Q: 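Below is one structure. I have some questions about it.
In this text the structure is predicted, and so the values were computed from the model without any measurement. Values below: every heavy atom of this structure, side chains too, minus hydrogens, waters and symmetry copies.
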Amino acid sequence: KYRDLCVDITVDPNVLTLDSLVHVIKNTDNPKFVPVYKIFTGTYSDFITEVNPTSNEMNNLLAYKEKLKISIEYDSIQTEDQEIAANIFVAINNGSSRLTETDMMAAILFDGLSNWYFYPKSEELKIETANKRFEIGAKKQLQLLALISDSGDYTVSSIFKLTPSFVIPNWQKFKQAIHRTIDYIKADFKIQKSNDLFAETIFNTLFYFFYLNNANPNIGQRKSIHKLVIAGGLSGSYKTSTLTTVKKDMLQIEAIVKNEPIEVSSPLRFFSLDEKQDILNMGAFKKVSNLPYFANCFLIILGMTDPKSIKNGLPIFNNSTERINFVERHHIFPKSTHGNNSDNIFNIMLLDSFSNNGIDNNHPSTYLTTENFHHDADFREILKGHFIGIDEITDIERNDLESFKRHRMTKIMEHIHLLFI
């Protein structure tokens with residue numbers, strides 16, 4: 001019973017062993033035997049009044065308080081049987097303080113002999129990925145580990161089947177695959193942070209490729225990956241039943257790793273004329289939660305053309321982009337002149353912050369002119385990378401946002417169509 005634990009403040013706790021640190025006594029009249037709970041819950045003024053301690057005894061009291069903060073009574077069970085350990089944690093999990101699957105697996109995935117413990121390894125990886133703006137936390141790590149295990153999915157039951165004998169020898173390869181996945185997403189799809197993925201679970205599919213493949217994708221593999229990602233984003237297959245979609249795409253990934261062709265239909269078949277009109281009417285672009293499921297996928301298309309700055313012609317995605325010169329979503333027709341009608345994916349171009357700040361809220365007719373388009377071949381090529389041609393320039397000079405959106409949507413849709421030929 002907690003209130004029966006006492007300490008003798010006449011004795012310096014630093015000379016005591018853990019076994020003799022506290023005493024279990026009842027009905028004592030000795031004021032120097034102080035209940036432990038009073039050390040942590042009482043005030044020192046009350047204590048001094050009741051006990052009248054000497055300076056040494058007061059020092060002993062403070063030493064007890066420090067020592068007992070880390071001297072916790074607990075039951076220790078040693079077993080080589082993981083099933084026994086798992087059953088204990090499951091039993092604990094049915095109590096008042098519920099453990100997450102991360103808590104439970106952190107206790108199960110360890111090797112005392114080699115000093116390998118999941119939690120510090122997991123925290124290290126979390127920090128490394130957060131530095132790349134793709135934070136992969138412990139729960140996500142366990143899901144990905146389950147995905148590459150014999151279970152082949154990331155349900156809770158599959159996570160609980162993970163064993164130290166699988167995780168520990170594969171950890172380094174697992175870490176490398178995560179980092180290579182992040183680097184590829186940033187380099188190839190120009191997605192600079194995890195929040196810009198059209199679906200978080202698309203990361204799982206791409207990770208599976210880099211875990212199986214010991215090299216970056218070749219030209220054929222890269223084209224197949226592009227098809228898989230774009231089709232998944234625009235068809236909405238990652239909107240619901242994501243585990244089913246990931247498992248289906250994992251079969252495609254296995255074929256890609258073997259350099260086998262995959263069958264992926266063009267996602268444009270999902271867009272009727274009415275749906276295209278809905279896209280053109282789509283508003284509140286900056287409020288991601290209100291966007292249709294495919295909006296962020298169109299952002300990938302805008303980035304994959306390797307767009308260049310309309311100010312200096314340099315690629316907007318470069319080594320300095322992340323730390324100094326961020327990529328921003330620029331409204332071509334500004335909200336200052338067109339209000340909420342400007343909040344549409346086809347009125348957005350990706351620009352480096354240097355170019356974006358230089359343009360400010362100016363109307364595009366001041367910086368995207370017919371004269372520059374006709375007389376500057378380099379300028380025309382830069383605009384081509386932003387899906388802007390003579391039709392769009394003409395719309396700008398006519399101040400016709402609706403026609404501009406239709407023309408630019410057509411160009412982007414044609415580009416997507418070519419990806420699937």
Q: Nearest heavy-atom pair of Ser336 and Asn361: which atoms, and what distance?
A: OG-O, 3.6 Å

Q: When you compare the side chain of Glu392 with that of Leu368, does any pair of heavy atoms fall below 4.5 Å?
A: no

Q: According to salt bridge (charged side-chain N to carboxylate O under 4.0 Å, His left out), who are the partners of Lys227, at least two apart in sequence or on a separate chain?
A: none

Q: Before giving the answer on side-chain contact (heavy atoms from CB on, under 4.5 Å), spell out for Leu144 and Tyr154 the whole-Å C-alpha distance, their side-chain angles and the decisive distance to 0.1 Å.
A: CA-CA 7 Å; Leu144 294 174; Tyr154 46 84; over 6 Å; no

Q: Does the side-chain contact (heavy atoms from CB on, under 4.5 Å) test come out yes or no for Met105 and Leu162, once each step is laid out?
A: CA-CA 8 Å; Met105 295 312 297; Leu162 291 171; 3.8 Å; yes

Q: Please output the side-chain donor-acceptor pairs of residues 109-120 that fall under 3.5 Å, not counting sequence neighbours, one pair per line with the distance.
A:
from   : atom 1 : to     : atom 2 : distance (Å)
Asp111 : OD2    : Ser114 : N      : 3.3
Asp111 : OD2    : Ser114 : OG     : 2.5

Q: Would Asn259 and Asn218 satisfy side-chain hydrogen bond (donor to acceptor under 3.5 Å, both in side chains), going step by step from the backbone distance to the final call?
A: CA-CA 9 Å; Asn259 291 300; Asn218 57 38; 2.9 Å; yes

Q: Name all pairs fulfilling the salt bridge (charged side-chain N to carboxylate O under 4.0 Å, His left out) condition that reach into residues 170-183, sequence neighbours left out, sorted by first residue then second.
A: Glu128-Lys175, Lys132-Asp183

Q: So which heavy atom on Asp306 is nearest to which on Pro315, and how close?
A: OD1-CB, 4.2 Å

Q: Take Phe210 and Ile178, measure what side-chain contact (heavy atoms from CB on, under 4.5 Å) needs, and give me the verdict at the end.
A: CA-CA 8 Å; Phe210 284 98; Ile178 285 182; over 6 Å; no

Q: Please report the shortest heavy-atom distance between Phe207 and Ala177, naming the atom on each side.
A: CE1-CB, 3.6 Å

Q: Are more than 12 heavy atoms, taken from residues, nucleotides or ligands other than Glu254, located less than 6.0 Å from that residue's CD atom?
A: yes

Q: For Lys32, give me all partners under salt bridge (charged side-chain N to carboxylate O under 4.0 Å, His left out), at least two apart in sequence or on another chain.
A: Glu57

Q: Start with the C-alpha gap between Phe189 and Tyr184, add the side-chain angles, then the distance that decides, and say whether ring-ring contact (aromatic ring centres under 6.0 Å, His included) holds.
A: CA-CA 7 Å; Phe189 291 111; Tyr184 176 79; 5.8 Å; yes

Q: Nearest 0.5 Å, what's the CD1-CG distance between Ile136 and Leu125?
A: 7.5 Å

Q: Does atom CG (Leu418) have a neighbourhood of more than 12 heavy atoms from anything else shown, all under 6.0 Å?
A: yes

Q: Nearest 0.5 Å please: distance from the CG atom of Leu401 over to the CG atom of Asn344.
A: 7.5 Å

Q: Are Asn347 and His338 close enough that a side-chain donor and a side-chain acceptor fall under 3.5 Å?
A: no

Q: State, with a plain yes or no, whether a side-chain heavy atom of Leu206 is found less than 4.5 Å away from one of Val229.
A: yes

Q: Can you tell me if CG on Asn14 sees more than 12 non-hydrogen neighbours from other groups inside 6.0 Å?
A: yes

Q: Is there a side-chain contact between Ile148 and Phe166 in this structure, where contact means two heavy atoms from C-beta onward sitting under 4.5 Å apart?
A: yes

Q: How close do His386 and Pro307 get, heavy atom to heavy atom, and via which atoms?
A: CE1-CB, 3.4 Å

Q: Strictly distance-based, threshold 3.5 Å: is any side-chain N or O of Lys67 a donor or acceptor partner for the main-chain N or O of Pro13?
A: yes

Q: Sort out for me which residue in Phe298, Phe420, Phe387 forms a ring-ring contact (aromatic ring centres under 6.0 Å, His included) with His415.
A: Phe387

Q: Rounded to the nearest 0.5 Å, what separation is found between the CG atom of Leu383 and the CD1 atom of Ile310?
A: 7.0 Å

Q: Between Lys140 and Asn204, is any side-chain donor less than 3.5 angstrom from a side-chain acceptor?
A: yes

Q: If you define the side chain from C-beta out and look only at heavy atoms, does anything of Phe346 sit under 4.5 Å from His407?
A: no

Q: Can Asp188 and His226 be counted as having a side-chain donor-acceptor contact under 3.5 angstrom?
A: yes

Q: Evaluate side-chain contact (heavy atoms from CB on, under 4.5 Å) for Phe354 paired with Asn312, printing each intermediate quantity in order.
A: CA-CA 10 Å; Phe354 171 75; Asn312 55 28; 4.1 Å; yes

Q: Between Ser151 and Asp153, does any side-chain donor sit less than 3.5 Å from a side-chain acceptor?
A: no

Q: Do you know the tightest heavy-atom contact between Ile332 and Tyr367?
A: O-OH, 3.4 Å

Q: Does the side chain of Asn362 come under 3.5 Å of the side chain of Asp360 through a donor N or O and an acceptor N or O?
A: no

Q: Can you confirm whether more than 12 heavy atoms, excluding those of Lys126, are under 6.0 Å from its NZ atom?
A: no

Q: Could you tell me whether the side chain of Leu243 reaches within less than 4.5 Å of the side chain of Thr155, counting heavy atoms only?
A: yes

Q: Going by atom types only, do Ser122 and Gln141 share a side-chain donor-acceptor pair under 3.5 Å?
A: yes

Q: Taking salt bridge (charged side-chain N to carboxylate O under 4.0 Å, His left out) as the test, write out the residues that go with Asp395, two or more places apart.
A: none

Q: Could you tell me the separation between the OG1 atom of Thr163 and the CD1 atom of Ile168, rounded to the nearest 0.5 Å?
A: 8.5 Å

Q: Do Tyr64 and Val34 touch side chain to side chain, with heavy atoms closer than 4.5 Å?
A: no

Q: Pair Lys405, Glu402 - check salt bridge (charged side-chain N to carboxylate O under 4.0 Å, His left out), show working.
A: CA-CA 5 Å; Lys405 289 192 296 185; Glu402 295 308 312; 3.4 Å; yes

Q: Can you see which heavy atom on His331 is nearest to which on Ser342, and at what distance?
A: CD2-O, 3.3 Å

Q: With rounding to the nearest 0.5 angstrom, report the CG to CG distance, Asp352 to Asn356.
A: 8.0 Å

Q: Quick one: list whatever passes salt bridge (charged side-chain N to carboxylate O under 4.0 Å, His left out) with Lys139, sequence neighbours left out.
A: Glu101

Q: Side-chain contact test, heavy atoms from C-beta onward, threshold under 4.5 Å: evaluate it for Cys297 versus Ile230 and give yes or no.
A: yes

Q: How long is the gap from OG on Ser403 to CZ on Arg408, to the nearest 0.5 Å?
A: 13.5 Å

Q: Establish, from distance only, whether the side-chain atoms of Asn56 and Thr54 form a donor-acceptor pair under 3.5 Å.
A: no

Q: Output yes when a side-chain donor or acceptor of Asn60 lies under 3.5 Å from a complementary backbone atom of Ile9, and no otherwise.
A: yes

Q: We want to know whether Tyr211 and Asn170 form a side-chain donor-acceptor pair, criterion being a heavy-atom distance below 3.5 angstrom.
A: yes

Q: Would a 4.5 Å heavy-atom cut-off, applied to side chains only, mark Pro217 and Phe209 as touching?
A: yes

